[in-house]
J.: 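Just dropping this structure here.
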Amino acid sequence: MAFIRRVRTKSGATAVQVARYSGGRQEIVKHIGSAHTEVELGVLLEQARAWLEPDQQAFDLGIVPQLPVEDVLPTGQGALLPPTEEPPVVDAPGRTEATASVLLRQVLHTAYEQLGFERIEDAVFRDLVIARIVEPGSKLDAGRVLSDLGADPPSYATIKRHLRSVIDRDYRAAIATQCFSYAAHTGGLSLLLYDVTTLYFEAEKEDELRKVGYSKERRVDPQIVVGLLVDRTGFPLEIGCFEGNHAETRTIVPIVRQFQARHDIEDVEMVVAADAGMLSAANLTDLDAAGLKFIVGSRVTKAPGDLASHFHWHGNAFTSGQVIDTITPRHGRSVVNNVRKRAEPVWSSVEHPNAWRAVWQYSTRRAARDERTLNAQEARARAVVDGGTAPKSTRFVKATAQGRSLDTASLERARSLVGLKGYVTNCPVTLMESGEVIAKYHDLWHVEQSFRMSKTDLRARPIFHRTRDSIEAHLTIVFAALAVSRLVQDRTGLAIGNVVKKLRPLRSATIAINGTRHTFPPEIDPEIRDLVDRISGPELTH
């Protein structure tokens, strides 16, 4: 019957051997190696146990009391070590060859698989997605990140070849299909959220896609306009890009129609929510014609017309939380409100073909915030009028032939509208109460959060690609990375950057000893084990 022995050798090392009793004597079956440190000893003991595993009768007698030196030297027939005339060979001490954040890569890989992205059957694309989540950077730098995660990094030439496959094999369609399936399974398709952003380029010249256009950051670099459609939790469903000088209001309908056509859901009733930037007569008409319900933010300048009856009968007095459900004209030239009627009209597509439903809400907190803003704007306007600052385009400053003056009429009109927030929709009150309209619109922070994730955690910009295909491939990687990140965030309640910070320091170590290499996982405390279990299930940590 075999057992494991460990004894001191003449060199001072600890020999680990597999032995058995034969004829009342110990017979060496296998010499595993010699250890010079506790770490090396642990490695050799594990190797000995692995060697004994097929033998069902093998067992470990544990630690054997240390023998005198003369008892373990080659002194004859009963010696433990085989006799030799040469001096004993001292094995080189073990060393750590590499460490890697294997656990983090396994967690993200599992999330990638759980979304069904493995159907793409492209390991290089998968690794680029994981690298962007962990440490976003250039494609050239992705190899370093993947090496740190314990993966075999592809060459830069291989990466460029696979980026070509992203377009040729239409990876985005496959990813969008799996995202749709996930959102449908989690019940997030009843409300779609839409927003746009701009991504700039470190480039001097424009081309057919990268153009200088409107930038909230007032940049003059070439840029593209990116539209993102997500479900009510912020999980991405569709992404698309447009020329940098493309009007943001003209992006929502193409993205929504692309989403409908991809999944053949033109007859499915869904609600699309977008901010006031999408408010245009053409957009609302097109969304309505596509059979979609919409909720968009209204501009406060439309309040006097929409609330004409309220101002006529009640003045500008509102109570905190007050909601007024009324109608708003589809076109600026239309007049749909009748101030002679005290009651607000109840919108109907049949009775009001030239109007949409409008919901307005008053908030004292919003009023206080608006007042502070107006006070600051008034102070700035007075400074410009008094000549204390350089003349520039400033709100509430009226320029005439006689000079600049304070536009008191505009200022008073603005003060009469503080605290009001409006929403325009084609959802009748029988389908959606005013409170639900407001609540659904306020879910827009999810799509804004997804855009922040793509810009900060995933660093979708600036983009260093030049051709349209490479830009589209880059956005596809960001799209997939955003989906994996949202899945991880939804399951943990933590931002993806926080999850990476917690898991990346847990590194597996590869140790070389006696001509062999062994990789050992990190010690995982209960808090991290629970975090990993919530993302991937218990199999990764047990």
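Note that the numbering runs from 1 along the sequence shown for the chain. Just so you know, these numbers use all the heavy atoms, side chains as well, and skip hydrogens, waters and symmetry mates.
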J.: Using modelled atom types and a 3.5 Å cut-off, is there a donor and acceptor pairing between side-chain atoms of Arg126 and backbone atoms of Ile120?
T.: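 Side chain of Arg126 to backbone of Ile120: no pair is present.
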
J.: Less than 4.0 Å between a side-chain N and a carboxylate O, is that true for Glu238 and Arg257?
T.: no

J.: Hey, does the side chain of Arg262 reach the backbone of Thr177 with a donor-acceptor pair shorter than 3.5 angstrom?
T.: no

J.: Give a yes or no on whether the backbone of Ala183 and the side-chain of Asp231 come within a donor-acceptor separation of less than 3.5 Å.
T.: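 No, Asp231 side chain to Ala183 backbone: no donor-acceptor pair under 3.5 Å.
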
J.: Can you tell me if Trp313 uses its side chain to pair, donor with acceptor, with the backbone of Val339 under 3.5 Å?
T.: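 Confirmed, Trp313 side chain pairs with Val339 backbone.
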
J.: Salt-bridge test for Arg529 and Asp533: reply yes if a basic N is under 4.0 Å from a carboxylate O, no otherwise.
T.: no

J.: When you measure from the side chain of Gln322 to the backbone N and O of Thr319, does any donor-acceptor pair fall under 3.5 Å?
T.: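 Answer holds: yes.
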
J.: Any sub-3.5 Å donor-acceptor pair from Thr285's side-chain atoms to Ala282's backbone N or O?
T.: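 Absent.
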
J.: With salt bridge (Lys or Arg N to Asp or Glu O under 4.0 Å) as the rule and sequence neighbours excluded, what pairs involving residues 295-304 come up?
T.: none

J.: For the atom pair CG (Asp490) and CD1 (Ile535), what is the distance rounded to the nearest 0.5 Å?
T.: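 Going from the CG atom of Asp490 to the CD1 atom of Ile535 covers 11.0 Å.
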
J.: Can any side-chain N or O of Asp407 pair as donor or acceptor with the backbone N or O of Val397 at less than 3.5 Å?
T.: no

J.: Which pair of non-hydrogen atoms, one from Leu191 and one from Ala273, has the smallest distance, and what is that distance?
T.: CD1-CB, 4.2 Å

J.: My understanding is that only residues two or more places apart in sequence, or in another chain, count here; which of them pass ring-ring contact (aromatic ring centres under 6.0 Å, His included) with Phe479?
T.: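 Counting only residues at least two positions away or on another chain, Phe479 forms no ring-ring contact (aromatic ring centres under 6.0 Å, His included).
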
J.: Name all residues meeting the side-chain contact (heavy atoms from CB on, under 4.5 Å) criterion together with Ala414; count only those two or more places apart in sequence or in a different chain, and write none if there are none.
T.: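 Partners of Ala414 by the side-chain contact (heavy atoms from CB on, under 4.5 Å) criterion, ordered by chain and then number, come out as Leu374, Arg395, Phe396.
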
J.: Judged by atom type as modelled, is there a donor-acceptor pair below 3.5 Å linking the side chain of Ser101 to the main-chain atoms of Arg504?
T.: yes

J.: Is Arg330 reaching over with its side chain to a backbone N or O of Ala355, donor-acceptor style, under 3.5 angstrom?
T.: yes

J.: Short question: side chain of Arg105, backbone of Leu149 - any donor-acceptor pair under 3.5 Å?
T.: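 Confirmed, Arg105 side chain pairs with Leu149 backbone.
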
